[in-house]
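Notes follow once the structure below has been shown.
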There are 2 protein chains.
Amino acid sequence: MQSACESKPWKHWRHITKLDPDREISEEDLKIIVESGTDAIMISGTQNVTAENVNHLVSMLSSYDIPKILEPSNPESIIYEGVDYVFVPSVLNADVKWLRDIHVKWIKSDDIRWDMIVPEAYIVLNPSSAVAVLTNANTALGVEDVVAYGIFAERFLRFPIVYIEYSGKFGDVSIVRALREALSGASLFYGGGINSAERAAEMLKYADVIVVGNVVYEDMQKFMETVVTGQQQPEL
Amino acid sequence: MQSACESKPWKHWRHITKLDPDREISEEDLKIIVESGTDAIMISGTQNVTAENVNHLVSMLSSYDIPKILEPSNPESIIYEGVDYVFVPSVLNADVKWLRDIHVKWIKSDDIRWDMIVPEAYIVLNPSSAVAVLTNANTALGVEDVVAYGIFAERFLRFPIVYIEYSGKFGDVSIVRALREALSGASLFYGGGINSAERAAEMLKYADVIVVGNVVYEDMQKFMETVVTGQQQPEL
């Protein structure tokens, strides 16, 4: 069987919708999201993510064919049934626990389905976000620092995905643009604050994939605009 | 141009001779080493390695066709002229400086010849060695811990080489055997205390490549025995 890392399905995606297992979503909204044209659903949260609430969201999605990605925040919430891929984040600019230790411990304790695993190199840049606080991320980075982390992730550690995470805040476009110029093999994901057609278009100039999350819980109309923009933007 | 990481020349090697730029070697001994049948020369040391003594050793090797690998212990001693590959070690079980920070700093400050760079995932296991002391390595690891580090290096971080380093001491064969069983893609390098035909044969049962160093400065006859053994052992 060809592994997810070899087939790289995300190379054809531009728009991912991130749903938080810790937040309620109605059957109606879920149907609209899945049928919106978004390329994949990512099941992901930082706080209070458990096997139970992950399973609940996965079961709500079970009748839909759309690609389903689990992005666990801890090894305890990993499930393989009902999802197509498990994207495992590793935070580059944080305590080494989130780059190395949590993964080594997981490998030691678990029987891992490596064919479904896709490692992601996160660079966390919003100091107020839950993920930055949790991981003790060093967010005081200049463009050159972020680019160095990105090249380290792509060429030295061979991550297939470099993920710029502003989580809840719209980020610095110049950073995403500089990474676009520096990276050649890894796919560039951007997440944070995309809640309009304009912001989606702005980041899609440079990112391969935008990840849209919070707006689905706030304004479905605005969410739909981000999807339409994702479909209109040509692949990089 | 195909990069070193794509062509993977070390896949055909079984025996590497490691020479320390900080130690004297005669022209005569160098000729014997290069013509011994060893597959490659690695220029590598932990202490007092400078661009000057690296250049001196490289120039002594310049008339020989054998593959030449520079394995720098710090970014300041990297040269590209006169060598074929630059193997850059990253120590997995040590302070994060040696896994991440030194490399990010290097990427930020240098114009790197990526086509020559081959990242190595070191697991340092002799607590008395200079490299363990320098990097503050956690050497108190059981077989399962070392295997978890190895899988992390191979499958999560995609290092092409996992290097078990006992530096100056003959290591635990059961650890190398367990890694042999766990790894599927990365090449398994072993270094430390190989100073006889028997020890070479013992580690070559499980390692793809043995790295032989100190014995060339102590007993050239014993060194030659390790090479002959390397040539007799079938590829794994």
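Lettering of chains follows the sequences in order, A, B, ..., and the numbering in each one begins at 1.
- Residue with the most contacts toward chain A among L99(B), V147(B), I117(B): L99(B) (heavy-atom pairs, distance under 4.5 Å).
- Ring geometry, F156(B) versus F152(B): the interplanar angle falls under 30°, so the pair is classed parallel (tilted spans 30 to 60°).
- Between the side chains of S129(A) and S167(A), no donor N or O sits under 3.5 Å from an acceptor N or O.
- Taking the six-membered ring where the residue is Trp, F189(B) and Y163(B) present tilted rings, their angle falling between 30° and 60°.
- Heavy atoms of F159(B) lying under 4.5 Å from chain A belong exclusively to its side chain.
- Chain B forms more heavy-atom pairs under 4.5 Å with one residue of V104(A), V96(A), D95(A) than with any other, namely V104(A).
- In this structure, R14(A) contributes its side chain and A207(A) its backbone to a donor-acceptor pair below 3.5 Å.
- Listed by chain and residue number, nothing satisfies the side chain to side chain donor-acceptor pair (under 3.5 Å) test with D20(A) (two or more places apart in sequence, or in another chain).
- Interface with chain B: from residues 131-144 of chain A, residues E144(A) qualify, criterion being any non-hydrogen pair under 4.5 Å.
- Of the N and O atoms on the side chains of S184(B) and E154(B), at least one donor lies less than 3.5 Å from an acceptor on the other residue.
- Residues satisfying the side chain to side chain donor-acceptor pair (under 3.5 Å) test with D101(A), not counting sequence neighbours, are none.
- Using a 4.5 Å cut-off between heavy atoms, V118(A) does not touch chain B at all.
- Taking the salt bridge (Lys or Arg N to Asp or Glu O under 4.0 Å) definition, one finds that K18(B) meets it with E71(B), E165(B), sequence neighbours left out.
- The greatest number of non-hydrogen atom pairs below 4.5 Å with chain B, out of P160(A), A148(A), S109(A), is found for A148(A).
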